Amino acid sequence: MTTLFVGPESPAWMHMAADALLVMHVGGGALGLVSGAVAVTVRKGERLHRLAGNVFFVSMLSMAGIGAAVAPFLTDGQRPNFVAGVMTLYLLVTAWFAARQERVGAGTSMVVGFIVATLIAAAGAIFAIMASQSPTGTIDDSPPQAFYMFMGLGSIAALCDLRVILRGGISGAQRIARHLWRMCVALFIASESFFLGQQKFLPEAIHGTVVQFGPVFFPIVLMIFWLLRVLLTRWWQEPVSALTTAHGDNNASWRKEK
């Protein structure tokens with residue numbers, strides 16, 4: 001694991017700050033993995049889902065925010081981690097607002113989101129090209145393939161934001177689907193970063209087994225399940241599926257969206 005280097009001549013408070021950032025980053029990621037797994041598994045709209053979702057949002061903000069902020073200052077280069085951190089923050093924030101609003105608007109925040117997603121896709125493409133043209137075939141020890149995910153997910157997210165802008169906003173099943181896939185992909189990034197990116201901390205006996213890869217693709221499988229249920233059925237109109245109530249709407253009950 002790469003850590004923030006603080007020279008021995010640095011004052012004590014800098015060493016304490018570096019240690020605190022590491023604890024918050026690792027702790028946030030670990031808590032995010034557990035709470036995220038609970039949030040995508042339990043019935044949506046219930047108290048446990050609300051609690052797990054809130055914990056996931058806060059813990060992942062801590063993990064991704066610290067990772068993105070610290071990565072540029074690491075001595076061995078962490079461009080993949082920086083882009084991953086920014087993408088995770090973008091997914092978390094846009095998913096959170098999609099859950100809290102009855103209608104996702106097409107205002108300034110959506111335009112900003114579209115720009116951020118486009119920049120993520122562009123950064124992925126640039127770094128992939130740089131890696132392919134490098135004498136080692138890598139950039140910051142990452143091959144071009146490591147950046148394809150940023151290109152793909154960034155492009156998909158940008159196109160979704162552009163669609164919202166052109167339509168003047170979305171609501172109903174489309175709004176809930178937006179919340180679901182973005183939260184699930186954020187959990188996927190966190191799972192992949194640990195179970196594949198930090199596999200040296202896992203027992204060698206589980207390397208290459210379903211125990212290692214299962215948690216990585218678990219969020220994607222559940223994402224597909226929930227998206228099909230939301231988009232192809234009327235499940236989302238049931239009172240218990242009220243994501244707006246689950247994330248901050250204090251109305252007594254869900255209002256069915258027509």
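In this chain, numbering begins with 1 at the start of the sequence shown. Keep in mind it's a predicted model, so treat the numbers as computed, not measured.
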First locate atom CG of L228, then atom CE of M223, and finally report the distance between them rounded to the nearest 0.5 Å. 9.5 Å
Taking atom CE of M63 and atom OG of S193, what is their separation to the nearest 0.5 Å? 6.0 Å
Do F217 and W226 land in one hydrophobic cluster if side-chain heavy atoms of ILVMFWY residues count as linked below 4.5 Å? yes
Rounded to the nearest 0.5 Å, how far does CD of Q174 lie from SG of C160? 9.0 Å
In the structure I gave you, are the side-chain heavy atoms of H179 and T94 within less than 4.5 Å of one another anywhere? no
Taking M149 as the starting point, is it possible to reach V221 by hopping between hydrophobic residues whose side chains are less than 4.5 Å apart? no
Looking at every heavy atom in both A99 and R175, which two are closest together, and how far apart are they? O-NH1, 3.6 Å
In this structure, would L222 and V210 fall into the same cluster of hydrophobic residues linked by side-chain contacts under 4.5 Å? yes
Cluster link L61 to F194, ILVMFWY, side chain under 4.5 Å: yes
Would the distance check show the side chain of H49 and the main-chain N or O of A39 forming a donor-acceptor pair, the cut-off being under 3.5 Å? yes
Could you report the tightest heavy-atom contact between A173 and L231, atom names first, then the distance? O-CD2, 4.1 Å
Applied to residues 208-222, the salt bridge (charged side-chain N to carboxylate O under 4.0 Å, His left out) test, sequence neighbours excluded, yields none
Considering residues at least two apart in sequence or located in another chain, which fulfil the side chain to side chain contact (heavy atoms under 4.5 Å, CB included) criterion with S191? L33, L187, F195, P219
For T138, enumerate each residue passing the side-chain hydrogen bond (donor to acceptor under 3.5 Å, both in side chains) test, keeping only those at least two apart in sequence or located in another chain. T136
By the ring-ring contact (aromatic ring centres under 6.0 Å, His included) test, which pairs, at least two apart or in different chains, include something from residues 150-176? none
Minimum heavy-atom separation for A95 to R182, with atom names? CB-CB, 3.6 Å
How does the hydrophobic cluster around V42 look, that is, which other residues are in it when side-chain heavy atoms under 4.5 Å mark a link? V38, L48
Return the CG to CG distance between L166 and L162, rounded to the nearest 0.5 Å. 4.5 Å
Qualifying side-chain hydrogen bond (donor to acceptor under 3.5 Å, both in side chains) pairs with a residue from residues 201-213, counting only residues at least two apart or across chains: Q199-Q212
Check whether any side-chain heavy atom of I156 lies under 4.5 Å from a side-chain heavy atom of W181, and answer yes or no. yes
Output a table of donor-acceptor pairs, distance under 3.5 Å, between side-chain atoms of residues 106-131 and any protein atom two or more places apart or on a different chain; print 'none' if there are none.
from, atom 1, to, atom 2, distance (Å)
T118, OG1, F114, O, 2.8

If you look only at pairs with a residue in residues 30-42, which of them pass as a salt bridge (charged side-chain N to carboxylate O under 4.0 Å, His left out), with sequence neighbours excluded? none
I need the minimum non-hydrogen distance between L89 and A68, along with the two atoms involved. CD1-CB, 4.4 Å
Could you pull out the closest heavy-atom pair between A190 and M60, with the gap in Å? CB-CE, 3.5 Å
Under the rule for side chain to side chain contact (heavy atoms under 4.5 Å, CB included), what residues qualify as partners of A186, not counting sequence neighbours? F56, T88, L91, L92
Identify whether the distance between the nearest side-chain nitrogen and carboxylate oxygen of R167 and D161 falls below 4.0 Å. no
Starting from L227, can I reach F218 by hopping between I/L/V/M/F/W/Y residues whose side chains sit under 4.5 Å apart? yes
Is there a side-chain contact between F97 and V104 (heavy atoms, below 4.5 Å)? no
Residue list, side chain to side chain contact (heavy atoms under 4.5 Å, CB included) with L31, at least two apart or on another chain: V55, S59
Please step through side-chain contact (heavy atoms from CB on, under 4.5 Å) for the pair M87 and V185, ending with a clear verdict. CA-CA 10 Å; M87 170 172 281; V185 171; 5.7 Å; no
Connected to Y148, directly or through other members, by ILVMFWY side-chain contacts below 4.5 Å are M151
Does F57 have any ring-ring contact (aromatic ring centres under 6.0 Å, His included) partners at least two apart in sequence or in another chain, and if so, which? W96
Check: I170 and R103 side chains under 4.5 Å, non-hydrogen atoms: no
Student check: side-chain heavy atoms of M183 and V40 closer than 4.5 Å: no
